[in-house]
Amino acid sequence: MNRSDAAALDAADPLAPLRDEFALPAGVIYLDGNSLGALPKKTAARVAEVITREWGEGLITSWNNAGWIASPERVGAKIAPLIGAQAGEVVAGDTTSVNLYKMLGAALGLRPGRSVIISERGNFPTDLYIIEGLIAQRGDQHVLRTLAPDELAGALDERVAVVVLTHVNYRTGALYDMAAVTRQVHDAGALMVWDLCHSAGAVPVDLEGAQADFAVGCGYKYLNGGPGAPAFLYVAKR
């Protein structure tokens, strides 16, 4: 491999023309896409249009006339194919933590009489904090059990209401078999919540095929955003 070989590969790269769609300083090779991606050239003009015309001129009418009110569903529809979801099952908005809080609360309401929430011991810490906080707000009516991945099957019984797992472990990269785990959880009568922050847009995800009940995710992988980036929420129609 030499410089000529590399130049030939660059010339044949079907993605190479996409570089011209981003505003990159001359001479800069920018490889950071997970924290702050390069600015698309079209973005500045679009943001200016939103501020000057839709906000500045349209004011409150832009919720309807410019379609602001439908933005969560419109963006969610673009995310849906990345996670194997049906149309109308995904909305964008809030953060992963807020969405997990809302979905877990809804899931617990669907399993009255069951008091156990299961998660992985090595799960992303924020997810565990959200679960613990919700339990405390509900007067400690539920209990969180954290397990190693290979302990899940033996822990599923009639007391388990919800299982909350991150599809890809943020430290080890270990990938759960989403369909197999979801099936085990359903066989025990519990509901399955998947955190897709480290898998959506990075590895194949098929929520519908796995028959998952709920899922959350954020903009790390598919939107070039950080932990505070807009998140998405998936709720199965069935």
Side-chain angles (χ1 to χ4, degrees), residues 15 18 22 31-40 43 70-107 118-120 122-131 149 152 162-186 191-238:
L15 299 178
L18 294 177
F22 294 86
L31 302 178
D32 190 344
N34 70 297
S35 180
L36 184 65
L39 173 68
T43 298
S71 293
E73 291 85 0
R74 186 168 61 249
V75 176
K78 293 179 179 293
I79 296 170
L82 296 175
I83 58 175
Q86 294 186 45
E89 291 183 323
V90 184
V91 295
D94 289 321
T95 65
T96 305
S97 297
V98 171
N99 286 337
L100 178 58
Y101 177 89
K102 293 188 295 186
M103 284 197 307
L104 183 56
I118 288 179
S119 191
E120 183 183 345
N123 200 356
F124 198 76
T126 306
D127 287 15
L128 300 180
Y129 298 154
I130 293 297
I131 297 170
L152 176 62
V162 185
V163 176
V164 181
L165 296 174
T166 298
H167 190 203
V168 172
N169 187 286
Y170 75 105
R171 289 179 297 185
T172 68
L175 173 69
Y176 277 104
D177 184 331
M178 180 180 286
V181 171
T182 302
R183 185 165 52 251
Q184 287 181 325
V185 171
H186 286 172
L191 294 170
M192 186 72 229
V193 176
W194 287 104
D195 181 335
L196 307 179
C197 281
H198 304 281
S199 58
V203 298
V205 178
D206 186 4
L207 291 172
E208 185 62 27
Q211 295 291 289
D213 303 299
F214 302 94
V216 295
C218 65
Y220 285 31
K221 306 299 184 288
Y222 64 89
L223 282 177
N224 285 338
F232 66 82
L233 182 154
Y234 162 88
V235 179
K237 285 184 176 180
R238 56 184 178 282

Can you find a pair of side-chain heavy atoms, one from T96 and one from T126, that are under 4.5 Å apart? no
Scanning both residues in full, the closest heavy-atom pair of A107 with F214 reads CB-CE1, 3.8 Å
Partners passing side chain to side chain contact (heavy atoms under 4.5 Å, CB included) against P204 (at least two apart in sequence or in another chain): none
Quick one: list whatever passes side chain to side chain donor-acceptor pair (under 3.5 Å) with S71, sequence neighbours left out. R74
Smallest heavy-atom separation, E120 atom then L128 atom, equals O-CD2, 4.0 Å
Please enumerate all residues that pass side chain to side chain donor-acceptor pair (under 3.5 Å) together with R183, with sequence neighbours excluded. none
Which pair of non-hydrogen atoms, one from L152 and one from L165, has the smallest distance, and what is that distance? CD2-CD1, 4.1 Å
Go through the structure and list residues passing ring-ring contact (aromatic ring centres under 6.0 Å, His included) with Y129, not counting sequence neighbours. none
Would you compute the distance between atom CD1 of I130 and atom CE of M103 and round it to the nearest 0.5 angstrom? 11.5 Å
Just to verify, what does D206 make a side chain to side chain contact (heavy atoms under 4.5 Å, CB included) with, not counting sequence neighbours? E208
Closest contact, heavy atoms only, Y176 versus T166: CD1-O, 3.4 Å
Heavy-atom distance under 4.5 Å between the side chains of L196 and F232, does that happen here? yes
Can you confirm whether S119 sits close enough to D127 that some side-chain heavy atom of one is under 4.5 Å from a side-chain heavy atom of the other? no
Taking side chain to side chain contact (heavy atoms under 4.5 Å, CB included) as the definition, give me every residue that meets it alongside A87, ordered by chain and number, with sequence neighbours left out. none
With sequence neighbours left out, write down each residue that passes side chain to side chain contact (heavy atoms under 4.5 Å, CB included) with K102, or none if nothing qualifies. D94, V98, N99, L233
Heavy atoms of L175 and V168 approach each other most closely as CD1-CG2, 3.5 Å
For T182, what residues pass the side chain to side chain donor-acceptor pair (under 3.5 Å) criterion, not counting sequence neighbours? W194
Nearest 0.5 Å, please: how far is CE in M192 from CD in Q211? 13.5 Å
Side-chain contact test, heavy atoms from C-beta onward, threshold under 4.5 Å: evaluate it for D195 versus L100 and give yes or no. no
Rounded distance [0.5 Å steps], CZ in F124 versus CG in N169: 10.5 Å
Contact summary for V90 and A85, nearest pair of heavy atoms: CG2-CB, 3.6 Å
